[in-house]
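Take a look at the structure set out below.
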Amino acid sequence: MPARLSRRTLLLTAAVALTASVTAACGGGGAAGGSPGRTTVRIAYQAIPNADLVVKNQRLLEQALPEVDVKWVKFESGGDVNTAVIAGSVDMGLAGSSPVTKGLSAPLNIPYKVVWIHDLIGDNEALVAKPGIGSVKDLVGKKVATPFGSTAHYSLLAALTTAGVEPSSVQTIDLQPQDALAAWKRGDIDAAYVWTPTLNELTEDGKVLVTSRELAEQGKPTADLGVVTNAFAAKHPDVVTAWIKAQDTAVAQVRTAPDQAAKSIGAELGLPAEEAKRQLSELVLLSAKEQTGPEYLGTPGAPGKLAAHLHDAAVFLKGQKAVDSVPDEAVFGRAIAVEELDRAAN
């Protein structure tokens, strides 16, 4: 492919291929993808043990919106979700804070906004290395896998930089979690930065060098965020409100009936409920009311710190040449859906 093609062109080219498979999974796309005269919402989700899987498994949104066709589409990473949004194949869904930062920055400039914090990432994402590698500094010259554009990729770069390791001195390989696991078993890689449940399989014979919880304590926090396209939010505010309320209900269940929530999560991930419960405990979940606080999304007239965190992440990613430029913090501020969250939380 000619070198003069921009990264956006390359991503859009990939989106064309992805659209075919996603569209088939969605049964079309948009309102036309469901029954005639009915609204369709296409939701991107990932195999992450948080309350989003409770919403999906227990059909909380379908129960709240019986007149709406709800289509759940699985993705392996937030980078893939960005590609699907650009392709017009999904309306809302889950993506990590790093992919969302990239999505709101050049060259992507995706017209979507953050409407929910699915979880604050903790020990469920980590850098795991083969025996004999005792620290992040030992990764110089080694092969390390991570899904490019994901929160794990951002955390890997942060871990290397914090340890004084030049990222270019490490051979970083773009692999989705399951592909990283296969490469690990073949002996093709020396380390990987991924999330559960793949992370648990790597730690069976590998050593955790650093977790995302530790990096957050060092000023590099990450989260899984809920995004909705501007167009869908404007056209279907009732669906967005119902979705937020369904997520809030699921978070409440995690807190008051964790065994029930873990059973649903385990069913979605193919895990025993006790293991799902353990993985769930590695994340921090927030209620809608908590997310309106100053540390998170905030409220109309009193925006929270999430926009500043995304801006800081963009500055870091620009330094790593992962984005073309850093938008003003106001750009991230406008991409925080405080009105939608406030409407659902009150």
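Keep in mind that what you see is a predicted model, and the values were worked out from it rather than measured.
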inquiry  = Whether the side chain of Thr203 engages the backbone of Asn200 through a donor-acceptor N/O pair (distance < 3.5 Å, no angle test) should be reported.
reply    = yes
task = Determine whether Val227 and Met92 make a side-chain contact, defined as any pair of heavy atoms from C-beta on separated by less than 4.5 Å.
result = no
request  = Check the hydrophobic clustering (I, L, V, M, F, W, Y; side-chain heavy atoms under 4.5 Å; chains of links allowed) and say if Trp72 and Leu60 are grouped together.
outcome  = yes
query = Taking only residues at least two apart or on different chains, which pairs with a member in residues 117-128 satisfy side-chain hydrogen bond (donor to acceptor under 3.5 Å, both in side chains)?
reply = Asn50-Asp119, Asp123-Thr211, Asp123-Arg213, Glu125-Thr151
task = Is it possible for you to say whether Val70 and Val55 belong to one hydrophobic cluster, with membership spreading through side-chain heavy-atom contacts below 4.5 Å?
result = yes
ask   = Side chains of Pro49 and Thr196: does their closest heavy-atom pair fall under 4.5 Å?
value = yes
Side-chain heavy-atom pair Asp52, Trp116 within 4.5 angstrom cut-off = no
task = Return each pair, listed once, that meets ring-ring contact (aromatic ring centres under 6.0 Å, His included) where at least one residue sits in residues 166-207; pairs must be two or more places apart or across chains.
result = none
request  = Might you work through the side chain to side chain contact (heavy atoms under 4.5 Å, CB included) test for Asn109 and Leu104, ending with a clear yes or no?
outcome  = CA-CA 5 Å; Asn109 300 312; Leu104 294 171; over 6 Å; no
query = About how many Å separate CD of Glu329 and CG of Asp312, when rounded to the nearest 0.5 Å?
reply = 7.5 Å
ask   = Taking only residues two or more places apart in sequence or in another chain, which ones pass side chain to side chain donor-acceptor pair (under 3.5 Å) with Gln46?
value = none
request  = For Ala47 and Leu269, work out which heavy atoms get closest and say how close.
outcome  = CB-CD2, 3.5 Å
Reported CZ-to-CG distance for the pair Arg38 and Leu65, which is rounded to 0.5 angstrom = 10.0 Å
request  = Please test Ile189 against Ile173 for side chain to side chain contact (heavy atoms under 4.5 Å, CB included), starting from the C-alpha separation and ending with a verdict.
outcome  = CA-CA 9 Å; Ile189 58 175; Ile173 303 171; 4.1 Å; yes
key: Closest heavy-atom pair and its distance - Lys318, Asp324   = CE-O, 2.8 Å
ask   = Hey, what do you get for CD (Gln247) to CG (Leu285), rounding to the nearest 0.5 Å?
value = 10.0 Å
inquiry  = If I compare all heavy atoms of Ile117 with all of Tyr296, which pair ends up nearest, and what's the gap?
reply    = CD1-CB, 3.8 Å
Joint cluster assignment, Ile336 & Phe232, ILVMFWY side-chain distance < 4.5 Å = yes
inquiry  = Tell me which pairs pass ring-ring contact (aromatic ring centres under 6.0 Å, His included) where either residue lies in residues 133-158, with sequence neighbours left out.
reply    = Phe148-His153, Tyr154-Phe316
request  = Find out if a path of hydrophobic residues (ILVMFWY) with successive side-chain heavy-atom gaps under 4.5 Å connects Ile121 to Leu53.
outcome  = no
key: Results of side chain to side chain donor-acceptor pair (under 3.5 Å) for Thr198 - residues two or more places apart only   = Gln178
inquiry  = Is there a side-chain contact between Leu341 and Ile244 in this structure, where contact means two heavy atoms from C-beta onward sitting under 4.5 Å apart?
reply    = yes
ask   = Is there a donor-acceptor contact under 3.5 Å linking the side chains of Gln63 and Gln58?
value = no
query = Would you call Glu204 and Lys130 a salt bridge, taking side-chain N to carboxylate O under 4.0 Å as the test?
reply = no
key: Enclosure of Arg255 CZ (heavy-atom neighbours >12, cutoff 6.0 Å)   = yes
ask   = Is there side-chain contact between Thr39 and Asp69, with heavy atoms separated by less than 4.5 Å?
value = no
key: Val240 vs Val228 side-chain heavy atoms within contact, under 4.5 Å   = yes
message = Quick one, Pro167 and Gln320 - any side-chain contact, counting heavy atoms below 4.5 Å?
response = yes
message = Test of understanding: with salt bridge (charged side-chain N to carboxylate O under 4.0 Å, His left out), list the residues that count as partners of Glu268, not counting sequence neighbours.
response = Lys56
ask   = Just how far is it from atom CG of Leu157 to atom OG of Ser98, taken to the nearest 0.5 Å?
value = 8.0 Å
message = Taking side chain to side chain contact (heavy atoms under 4.5 Å, CB included) as the criterion, tell me which of Thr83, Asn82, Val81, Leu94 meets it with Phe75.
response = Val81
note = Applied to residues 271-283, the salt bridge (Lys or Arg N to Asp or Glu O under 4.0 Å) test, sequence neighbours excluded, yields Asp259-Lys277, Glu275-Arg278, Arg278-Glu282
ask   = If you take all heavy atoms of Arg42 and Gly88, which pair is closest and at what distance?
value = NH1-O, 3.1 Å
request  = Measure the CG-CD1 distance between Leu280 and Ile265 for me, rounded to the nearest 0.5 Å.
outcome  = 4.5 Å
inquiry  = Assess the residue pair Trp243 and Val41 against the criterion (side chain to side chain contact (heavy atoms under 4.5 Å, CB included)); give the C-alpha distance rounded to whole Å, side-chain angles, the decisive distance to 0.1 Å, and a yes or no.
reply    = CA-CA 10 Å; Trp243 183 87; Val41 56; over 6 Å; no
task = Scan residues 165-194 for pairs that pass salt bridge (Lys or Arg N to Asp or Glu O under 4.0 Å), counting only residues two or more places apart or in two chains.
result = Arg186-Asp188
message = Let me confirm one number: the CD1-CG distance from Ile133 to Leu139, rounded to the nearest 0.5 Å.
response = 5.5 Å
key: Full working for side chain to side chain contact (heavy atoms under 4.5 Å, CB included) between Leu160 and Val170   = CA-CA 9 Å; Leu160 294 173; Val170 176; 4.0 Å; yes
message = Could you check whether any side-chain heavy atom of Pro197 comes within less than 4.5 Å of a side-chain heavy atom of Gln279, counting everything from C-beta outward?
response = yes
Closest non-hydrogen atom pair, Pro99 against Ala95 = CB-CB, 4.4 Å
inquiry  = Strictly by salt bridge (Lys or Arg N to Asp or Glu O under 4.0 Å), give each pair with a member in residues 337-346 just once, sequence neighbours left out.
reply    = Lys113-Glu340
Name each donor-acceptor pair under 3.5 Å that joins a side chain in residues 215-225 to protein atoms two or more places apart or in another chain, with its distance.
none

Check: Ser150 side chain, Pro147 main-chain N or O, donor-acceptor pair, under 3.5 Å = yes
query = Is a side-chain donor-acceptor pair under 3.5 Å present for Lys263 with Asn57?
reply = no
key: Nearest atoms (heavy-atom pairs only) where Ala180 meets Val194   = CB-CG1, 4.3 Å
query = What residues, two or more places apart in sequence or in another chain, satisfy salt bridge (charged side-chain N to carboxylate O under 4.0 Å, His left out) together with Arg334?
reply = none
ask   = Same hydrophobic cluster for Val114 and Val90, using side-chain heavy-atom links shorter than 4.5 Å among ILVMFWY?
value = yes
remark   = For Glu295, the salt bridge (charged side-chain N to carboxylate O under 4.0 Å, His left out) test, sequence neighbours excluded, returns Lys305
task = Kindly say whether Ala257 contributes a backbone atom to a donor-acceptor pair with the side chain of Gln260 at under 3.5 angstrom?
result = no
